Amino acid sequence: MPNNSPIHRFPHQNLTVEGYSRAAVQTYWRIPELRIGFDLGAQPWEFMGTGTWFVTHTHLDHIAALPVYVARRRMMRMDPPTIYLPMHAVEFVQKILRYWSRLDRGRLPCELIGVEPGDEIELSRELVVTAVATRHTVPSLGYIVWERRRKLRSEYTHLAGHEIRDLRLSGVDVTEERRMPLVAYLGDSAPEGLDANPVMYEAQILISEMTFVAPGHRRDKIHKHGHMHVDDYVERSERFQNRLIVAGHFSTRYDERQIRRGVERRLPTMLDGRLQLCI
Ligand SMILES: [Zn+2]
Ligand SMILES: [Zn+2]
C-alpha cells in the first residue's frame with residue numbers, strides 16, 4: 001500500500017487512535033474500530049476505507065485533503081463518504097468541489113452535512129456523536145463520541161426477574177439510556193474548548209492539541225490565536241480523568257527533542273503515564 005503520510009498509533013483497550021497532527025502541516029485522526037475519522041488535513045492512502053469524517057474547522061491543515069479523499073473513494077468505487085463540518089463552511093466547500101470537479105474532469109460525490117454546537121449525530125444504535133463549540137480564530141467545533149446502552153432503570157433494580165418481565169409485558173419501559181463518553185476530539189482550541197465542555201476531561205480517550213511547549217511564550221498571545229501551551233495542561237492536571245490523552249499539533253518551530261523535553265520538564269509523570277505525544 002502506498003505510504004504517503006505518516007501514521008502514529010496509540011492503542012487503548014479495544015480502540016486505536018491512528019493519525020498525525022502537526023500545526024500548519026496537517027492533522028488527521030481516525031478510530032478504525034468506530035469507522036470514523038477527524039479532520040482531513042491529509043489523507044493517508046490506507047485511511048480511504050473510513051467513510052465518515054468530522055472536520056473541526058476550515059484551516060487548510062485540517063481540511064485540504066477533502067477533495068482528494070472524495071476523489072479517491074470514487075476512483076476506487078467506494079460509496080460516497082459522509083463528511084460533517086461546521087455549518088458555515090458547507091456552501092463554500094460545495095462550491096470548491098464543483099470547481100475541482102471541473103478542473104479534475106471527474107465527479108466528487110459526497111454528502112456534506114453542516115454541524116452546529118449542540119448537534120447530535122446518530123451513527124448507530126450504540127454510537128452517538130455530539131458537537132461542542134471550541135475557541136479558535138475561525139468557527140470551530142469539537143466532537144464527542146458516546147457509547148450508549150439501555151440499562152434497567154434504577155427504580156427497578158431491586159425487583160426480581162419475573163417482576164421485571166411482568167412490568168415489561170404490561171408495556172412499561174423498564175430501561176433507560178446511559179451514555180459513556182468514549183472519545184473526545186478537541187481540534188484546535190484555546191483552553192476554553194476544554195473548560196467549557198467538561199466532558200472533554202471525562203472521555204476515556206482525549207485527542208487534544210498542545211501547540212506550544214517552550215517556556216516564556218506568552219500565553220495570552222497563544223490563547224488569542226486559539227491554541228494551548230503545555231502550562232495550560234499543568235494548571236489543569238487534576239481535572240483530566242481520561243485514560244489516554246493524545247496531544248499533538250506541536251508547532252513546527254520545535255524539533256522532537258525540544259518537544260519531549262519541554263513537556264517532560266513541566267509534566268514529569270506525563271499525567272501518570274496517560275499522556276502520549278504525537279510528534
Ligand atoms: Zn491546526
Ligand atoms: Zn487551526
Side-chain angles (χ1 to χ4, degrees), residues 20-29 38-39 41 54-64 85-89 115-118 131-144 184-203 205-242 244-272 274-279:
Y20 179 77
S21 174
R22 203 73 197 254
V25 182
Q26 51 204 22
T27 292
Y28 45 86
W29 295 107
F38 302 103
D39 283 339
F54 295 87
V55 172
T56 56
H57 66 293
T58 50
H59 279 152
L60 279 167
D61 54 326
H62 296 254
I63 199 172
L85 68 170
M87 187 68 89
H88 77 100
V115 181
E116 292 191 286
V132 296
T134 54
R135 216 187 60 65
H136 198 40
T137 52
V138 294
S140 58
L141 296 171
Y143 294 103
I144 319 290
Y185 180 54
L186 180 70
D188 287 6
S189 180
E192 292 102 295
L194 294 177
D195 297 342
N197 305 298
V199 67
M200 290 271 176
Y201 293 109
E202 293 155 22
I205 298 174
L206 170 66
I207 308 169
S208 186
E209 74 124 284
M210 190 192 282
T211 308
F212 298 99
V213 300
H217 271 164
R218 280 187 48 198
R219 270 201 286 162
D220 54 340
K221 219 167 150 191
I222 291 169
H223 296 170
K224 207 176 125 220
H225 290 112
H227 289 300
M228 283 199 278
H229 187 279
V230 63
D231 287 347
D232 295 314
Y233 284 73
V234 176
E235 271 174 11
R236 292 165 178 75
S237 55
E238 297 299 315
R239 300 194 61 181
F240 294 99
Q241 297 160 48
N242 319 87
L244 169 66
I245 301 159
V246 178
H249 202 265
F250 293 104
S251 165
T252 52
R253 68 179 83 177
Y254 312 126
D255 63 26
E256 179 170 351
R257 203 180 55 98
Q258 287 171 311
I259 295 168
R260 288 205 188 283
R261 279 182 45 187
V263 176
E264 283 163 9
R265 202 188 55 242
R266 299 295 291 131
L267 295 166
T269 71
M270 296 296 279
L271 297 172
D272 307 317
R274 293 170 298 147
L275 176 63
Q276 305 264 345
L277 309 181
C278 172
I279 306 175

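Please read these numbers as outputs of a predicted model, since none were measured by experiment.
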Minimal heavy-atom distance between S251 and A23, with the atoms involved, is CA-CB, 4.1 Å
- Query: With no hydrogens and no angle check, is any side-chain donor or acceptor of N242 less than 3.5 Å from a backbone partner on A203?
  - Reply: yes
In terms of heavy-atom contacts, L85 and Y143 come closest through CA-OH, 4.2 Å
Exercise. Taking the side chain as every heavy atom from C-beta outward, state whether R266 and V213 have any pair of such atoms under 4.5 Å apart.
Key: no
- Item | Donor-acceptor contact present, side-chain R274 to main-chain L244, <3.5 Å | no
Across all chains, not counting sequence neighbours, the salt bridge (charged side-chain N to carboxylate O under 4.0 Å, His left out) partners of E192 are R135
The ring pair (Phe, Tyr, Trp, His ring centres under 6.0 Å) partners of H249 (sequence neighbours excluded) come to H62, H227
### Message
Set out, in order, the CA-CA distance, both residues' side-chain angles and the distance that settles side-chain contact (heavy atoms from CB on, under 4.5 Å) for T252 and V25, then state yes or no.
### Response
CA-CA 8 Å; T252 52; V25 182; 3.4 Å; yes
By side chain to side chain donor-acceptor pair (under 3.5 Å), Y185 pairs with (sequence neighbours left out) D39
Judged by atom type as modelled, is there a donor-acceptor pair below 3.5 Å linking the side chain of D231 to the main-chain atoms of V234? no
OG of S237 to CG of L267, rounded to nearest 0.5 Å, is 7.0 Å
Hits for side chain to side chain donor-acceptor pair (under 3.5 Å) against D232, two or more places apart or cross-chain, chain-then-number order -> R219, H223
For R265 and V230, run side-chain contact (heavy atoms from CB on, under 4.5 Å): C-alpha distance rounded to whole Å, both residues' side-chain angles, the deciding distance at 0.1 Å, then the answer.
-> CA-CA 10 Å; R265 202 188 55 242; V230 63; 5.9 Å; no
Side chains of M228 and F212 in contact at under 4.5 Å (non-hydrogen atoms) | no
Closest non-hydrogen atoms of P86 and V55, given as atom of the first, atom of the second and distance, are CD-O, 3.4 Å
Rounded to the nearest 0.5 Å, the NE2 atom of H229 sits from the CD atom of E235 at a distance of 10.5 Å
Requested in this report: Check the surroundings of atom CZ in R261: do more than 12 heavy atoms from other residues, nucleotides or ligands lie under 6.0 Å from it?
Outcome: no
Residues passing the salt bridge (charged side-chain N to carboxylate O under 4.0 Å, His left out) test with D220, sequence neighbours excluded, are R218
Taken to the nearest 0.5 Å, the spacing of T211 OG1 from R253 CZ works out to 10.0 Å
Separation between CD (Q276) and CD1 (I207), nearest 0.5 Å, reads 12.5 Å
Those residues at least two apart in sequence (or on a different chain) that pass side chain to side chain donor-acceptor pair (under 3.5 Å) with E256 are R260
Residues passing the side chain to side chain contact (heavy atoms under 4.5 Å, CB included) test with V138, sequence neighbours excluded, are H57, T58, H59, H136
(request) Determine whether M200 and I144 make a side-chain contact, defined as any pair of heavy atoms from C-beta on separated by less than 4.5 Å. (result) yes
By salt bridge (charged side-chain N to carboxylate O under 4.0 Å, His left out), R257 pairs with (sequence neighbours left out) none
Ring pair (Phe, Tyr, Trp, His ring centres under 6.0 Å) filter on F240, not counting sequence neighbours, yields Y201, Y233
Please check this pair: side chain of E209 against backbone of S189, looking for a donor-acceptor N/O pair closer than 3.5 Å. yes
Across all chains, not counting sequence neighbours, the side chain to side chain donor-acceptor pair (under 3.5 Å) partners of S21 are T27
Practice item. Look only at the side chain of Q26 and the backbone of Y20, and say whether a donor-acceptor pair between them is shorter than 3.5 Å. Key: no
In short, T134 meets L141 closest at the heavy-atom pair OG1-N, 3.6 Å
Here the pair of heavy atoms bringing A131 nearest to E116 is CB-O, 3.8 Å
Taken to the nearest 0.5 Å, the spacing of I245 CD1 from M270 CE works out to 9.5 Å
Before giving the answer on side-chain contact (heavy atoms from CB on, under 4.5 Å), spell out for D188 and T56 the whole-Å C-alpha distance, their side-chain angles and the decisive distance to 0.1 Å.
-> CA-CA 8 Å; D188 287 6; T56 56; 5.9 Å; no
CD (Q258) and CD1 (I279) are apart, to the nearest 0.5 Å, by 11.0 Å
Side chain to side chain contact (heavy atoms under 4.5 Å, CB included) filter on A214, not counting sequence neighbours, yields H217, Y254
Sorted by chain and number, sequence neighbours left out, salt bridge (charged side-chain N to carboxylate O under 4.0 Å, His left out) with D61 holds for none
